[in-house]
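Input: a single structure, listed below in structure tokens.
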Amino acid sequence: YDRLRRGEKMSIAKLTGTYELPYIVKAERTSYLIFLLLIGPIIILGAAVTLLKNATAWPIPLIALGLLGGIWLVVGSTKIFLFDDRIVLRTLFSKKEASYPEITKIVFGYKRTNRGSVPELFIFNGVTEKPISVPIKPFSRRDLAIAADVLSKKAPQAKKEDHVHIVWQH
């Protein structure tokens, strides 16, 4: 939300190189590494205490390992499929799609959550009132640039906004 008050603009890296459709945008490896670095020490310390002190702390590393696996499952299942005729966002529990001719507006903005604001790509279409909300953080800059390039070429009729504002609230 501070970014909104400062009037900061979001930008997507310029595309370099080529790509072919269909293209699958997957989570970047660093997304997995970040969660490993955050939760890994808990797993290691819990396991060390359990093994060295013969303590009953074994649930701690198991819970942390389960948490890490769950987070990796959610991050790994989030994919953007760019086809010749449509874009599809698949997450662990849902699948949303929009054909390029139906897209009316594309916004790079922030979604407000109870923990702050999260940068996302919002794809509005004439079919549904609520936009398709695509998380930006797990994906590489190059993959996001490819998605932006595909959207600009395949949905030229869509109004494009890249200024920061809160687009959707939960």
Side-chain angles (χ1 to χ4, degrees), residues 1 3-4 10 12-13 19-43 46 59-152 154-155 158-162 164-170:
Y1 191 68
R3 293 178 186 117
L4 172 66
M10 288 184 74
I12 295 295
Y19 61 90
E20 290 183 25
L21 295 181
Y23 188 85
I24 301 173
V25 178
K26 299 177 187 175
E28 193 174 22
R29 288 185 199 143
T30 55
S31 298
Y32 297 100
L33 184 61
I34 288 169
F35 289 113
L36 178 62
L37 293 174
L38 291 174
I39 299 173
I42 297 169
I43 297 169
I60 294 170
L62 286 180
I63 291 170
L65 191 60
L67 179 65
L68 181 64
I71 290 171
W72 279 359
L73 182 64
V74 169
V75 170
S77 68
T78 303
K79 294 180 179 142
I80 303 169
F81 296 89
L82 301 167
F83 295 104
D84 281 325
D85 60 340
R86 69 191 183 287
I87 182 171
V88 177
L89 170 68
R90 194 182 81 204
T91 63
L92 185 59
F93 300 111
S94 70
K95 178 182 172 184
K96 299 173 186 170
E97 64 181 82
S99 66
Y100 297 123
E102 293 175 345
I103 297 173
T104 57
K105 185 165 63 167
I106 301 165
V107 179
F108 287 99
Y110 288 88
K111 177 168 60 175
R112 186 180 297 179
T113 66
N114 57 358
R115 290 178 267 130
S117 58
V118 180
E120 297 205 358
L121 167 67
F122 298 92
I123 301 171
F124 294 83
N125 62 30
V127 179
T128 61
E129 181 181 316
K130 189 174 178 179
I132 296 173
S133 175
V134 181
I136 291 176
K137 286 195 174 196
F139 304 116
S140 72
R141 288 179 166 213
R142 183 176 193 289
D143 281 348
L144 290 172
I146 289 171
D149 188 60
V150 169
L151 285 169
S152 68
K154 298 287 187 175
K159 181 180 174 187
K160 291 158 187 76
E161 298 178 15
D162 64 353
V164 174
H165 61 284
I166 303 299
V167 174
W168 200 263
Q169 296 182 17
H170 278 288

Within this structure, what is the CD1-NZ distance for the pair Ile132 and Lys130, rounded to the nearest 0.5 Å?
11.5 Å
Where Pro41 and Leu36 come nearest, the two heavy atoms and their spacing
CD-O, 3.9 Å
Can you see which heavy atom on Arg142 is nearest to which on Tyr23, and at what distance?
NH1-OH, 3.8 Å
Is the side chain of Tyr110 donor-acceptor paired with the backbone N or O of Val118 at a distance under 3.5 Å, no angle test?
no
Using a cut-off of 6.0 Å, state whether more than 12 heavy atoms not belonging to Ile39 lie near its atom CD1.
yes
Min side-chain heavy-atom separation Ile42-Leu67 under 4.5 Å:
no
Going from OH on Tyr100 to CG on Asp84, what distance comes out if it is rounded to the nearest 0.5 angstrom?
7.5 Å
Quick one: do Val150 and Tyr19 satisfy side-chain contact (heavy atoms from CB on, under 4.5 Å)? Show the steps, please.
CA-CA 10 Å; Val150 169; Tyr19 61 90; 3.5 Å; yes
Could you walk me through whether Lys96 and Ile123 pass the side-chain contact (heavy atoms from CB on, under 4.5 Å) check?
CA-CA 10 Å; Lys96 299 173 186 170; Ile123 301 171; over 6 Å; no
For Lys26, does the NZ atom have more than 12 heavy-atom neighbours from other residues, nucleotides or ligands under 6.0 Å away?
no
Could you list the donor-acceptor pairs under 3.5 angstrom formed between side-chain atoms of residues 27-34 and any protein atom two or more places apart in sequence or on another chain?
residue, atom, partner, partner atom, Å
Glu28, OE1, Thr30, OG1, 3.4
Ser31, OG, Pro138, O, 3.2

Tightest non-hydrogen contact, residues Asn125 and Glu97, listed as ND2-O, 4.3 Å
How long is the straight-line distance from CG of Leu144 back to CD1 of Ile80, given to the nearest 0.5 Å?
6.5 Å
When Thr91, Leu89, Ile24 are each screened for side-chain contact (heavy atoms from CB on, under 4.5 Å) with Lys79, the one that passes is Ile24
Applying side-chain contact (heavy atoms from CB on, under 4.5 Å) to Ile87 and Val134, what does each step give before you reach the verdict?
CA-CA 11 Å; Ile87 182 171; Val134 181; 5.6 Å; no
What distance do Leu68 atom CG and Ile63 atom CD1 have between them, rounded to the nearest 0.5 Å?
14.0 Å
Nearest 0.5 Å, please: how far is CD1 in Ile60 from CD1 in Ile43?
12.0 Å
Could you measure the distance from the CZ atom of Phe122 to the CD1 atom of Ile106? Nearest 0.5 Å is fine.
13.0 Å
Would you mind reporting whether Val25 and Leu82 have side-chain heavy atoms less than 4.5 Å apart?
yes
